[in-house]
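Structure record follows, encoded as structure tokens.
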Amino acid sequence: MAGADVIDDYLTALDRRLRGPEHVKEDLLAEARDSLDDAAAAYRDGGLAAEDAQRRAVADFGPVNRIARDYQGLLALAHGVRTLWTLLLVVPLARVMWELNRSFWIGSWPAFDPAGPPPDWYLLIARANDSAAWIVAGAALGALASGRLLARRGWSTVKLARLSGLVAVGAVGVSLFGNVSIMIATALVDAARLLMSPPVGLASLVSLVIMLRLLVLARRCVVFSTI
Amino acid sequence: MKSDALRGHLDALLLATLDGGQLHGYAIIEALQLRSGGALDLPTGTVYPALRRLETAGLVASEWSTVGGRQRRTYRLTKAGQRALATERTAWREFTAAIEGVLGGGPWPAQT
């Protein structure tokens, strides 16, 4: 029956316009299908033929481009919230694991000799890098809390998604910059430290890979919220 | 009724529709149309994103449940949603009272 595909065609067109977490998209489309099926059934009960009933249901649902914008906002927000939670949990955890690994394999850092104490700029970078994980976690937590308040004040899902993307990109940028900075600084001051313990070196590499993965997630926040 | 005018009140209308208990999406749309005498003719596809946004705001909670033998996502007001609805109702009554005082066509108060 030719008319049996009207709702399917509409949902396929909607699906093609959406980018974001698959499980959220499937959930949204399943709900949309329920609504369209209900509306078509109501029109059939009112005496319309099956195809006409589906066409009316689809027309009532709205132009696919307009509806896709609203749905894309939801997907972008869902991805943004998930990314912020990931930052909140993973960045401090990676930091703590790295420190535990370092204290197990190396213990306390040996003194910088024979050149004497490290320069002030090195200590500044080291302290900033130590704080970066907690600053990132604080920023993510702040964005999650303020996002809920802003949603109550009527902020659109697209604006909320853009905010989460902005915070995620900034937070990952800070974290990645901190990691790379301390590696470069250590290489300049005392390169032997980077090779002091292979397990610690491996942990540093894993931390860097985690940051790069988080950067991909943060970038997607921006891509998904560009509507 | 103009959809632009409705959009500004859609959140409050959705909260009010859920005041009587949990409903699935299409039942919410039907209730909106029924209670407005058919005047609320916004695209039904815009209702679901609005409901999800209210869920993000913590004013509505949803879950998949079996309704009439079918799996449906049903929505209900949270405590915060009930408080928000009460605030919206108070604001709406004050607004309509003020507008009615001007547009209602009654006698103007005497000038002093």
Side-chain angles (χ1 to χ4, degrees), chain A residues 7 10-11 13-14 18 24 26-42 56-78 80-81 144-161 163-164 227, chain B residues 3-4 6-12 14-15 23-34 38 40-75 78-81 83-85 87-88 91:
Chain A
I7 289 175
Y10 182 87
L11 291 172
L14 186 59
L18 301 178
V24 179
E26 284 170 12
D27 194 66
L28 289 170
L29 291 174
E31 190 179 34
R33 176 176 289 283
D34 277 344
S35 180
L36 288 163
D37 286 344
D38 283 337
R56 287 287 294 272
V58 162
D60 288 350
F61 205 76
V64 71
N65 282 333
R66 177 184 171 183
I67 300 304
R69 276 202 302 275
D70 286 354
Y71 275 56
Q72 185 56 46
L74 288 172
L75 286 169
L77 181 58
V81 168
L144 285 165
S146 59
R148 174 162 282 215
L149 290 175
L150 292 170
R152 288 186 186 181
R153 292 189 177 189
W155 271 42
S156 71
T157 50
V158 175
K159 279 176 78 176
L160 290 169
L163 175 68
S164 65
I227 300 170
Chain B
S3 59
D4 285 349
L6 287 178
R7 186 170 277 273
H9 299 291
L10 183 57
D11 288 1
L14 291 172
L15 293 177
L23 291 171
H24 61 79
Y26 190 69
I28 292 170
I29 292 163
E30 282 186 318
L32 276 175
Q33 290 172 341
L34 188 67
L40 301 180
D41 59 352
L42 73 173
T44 54
T46 61
V47 169
Y48 297 96
L51 285 166
R52 297 297 182 100
R53 186 166 44 74
L54 290 173
E55 188 173 20
T56 301
L59 303 178
V60 159
S62 74
E63 61 184 355
W64 284 97
S65 56
T66 305
V67 180
R70 281 175 59 186
Q71 279 287 301
R72 309 274 201 151
R73 180 171 280 282
T74 55
Y75 297 86
T78 61
K79 295 278 186 198
R83 287 194 297 272
L85 177 58
T87 303
E88 290 284 354

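Per chain, numbering begins at 1; letters A, B, ... match sequence-line order. Heavy atoms only: backbone and side chains are in, while hydrogens, waters and symmetry mates are out. It should be emphasised that the depicted structure is a prediction, and the values quoted were computed from it without experimental measurement.
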Check: For residues 146-155 of chain A, which residue pairs qualify under salt bridge (charged side-chain N to carboxylate O under 4.0 Å, His left out), counting only residues two or more places apart or in two chains?
Finding: none
Next item on the list: Among A:Gly154, A:Ala151, A:Gly62, single out the residue with the greatest number of heavy-atom pairs under 4.5 Å to chain B.
Entry: A:Ala151
Next item on the list: Work out which heavy atom in B:Gln71 is nearest to a heavy atom in A:Asp34; give both atom names and the distance.
Entry: O-OD2, 3.4 Å
Margin query: At a 4.5 Å cut-off on heavy atoms, which part of A:Ala78 comes close to chain B: side chain, backbone, both, or neither?
Written below: neither
Check: What is the distance from atom CH2 of B:Trp64 to atom CG of A:Asp27, rounded to the nearest 0.5 Å?
Finding: 5.5 Å
Margin query: Is A:Leu77 in contact with chain B via its backbone, its side chain, both, or neither, using a 4.5 Å heavy-atom distance?
Written below: side chain
Checklist line | Under 4.5 Å from a heavy atom of chain A, the part of B:Ala80 involved | finding: side chain
Notebook entry, point to check: Looking at residues at least two apart in the chain, or sitting in another chain, which of them share a ring pair (Phe, Tyr, Trp, His ring centres under 6.0 Å) with A:Tyr10?
Noted result: A:Phe61
Next item on the list: Please list, in residue-number order, every residue in residues 49-59 of chain B that has a heavy atom less than 4.5 Å from any heavy atom of chain A; write 'none' if there are none.
Entry: B:Pro49, B:Arg52, B:Arg53, B:Glu55, B:Thr56, B:Ala57, B:Gly58, B:Leu59
Check: Mind checking what makes salt bridge (charged side-chain N to carboxylate O under 4.0 Å, His left out) contact with A:Arg33, not counting sequence neighbours?
Finding: A:Asp8
Next item on the list: Give, for atom CG of A:Asp60 and atom CD of B:Gln33, the distance between the pair rounded to the nearest 0.5 Å.
Entry: 7.5 Å
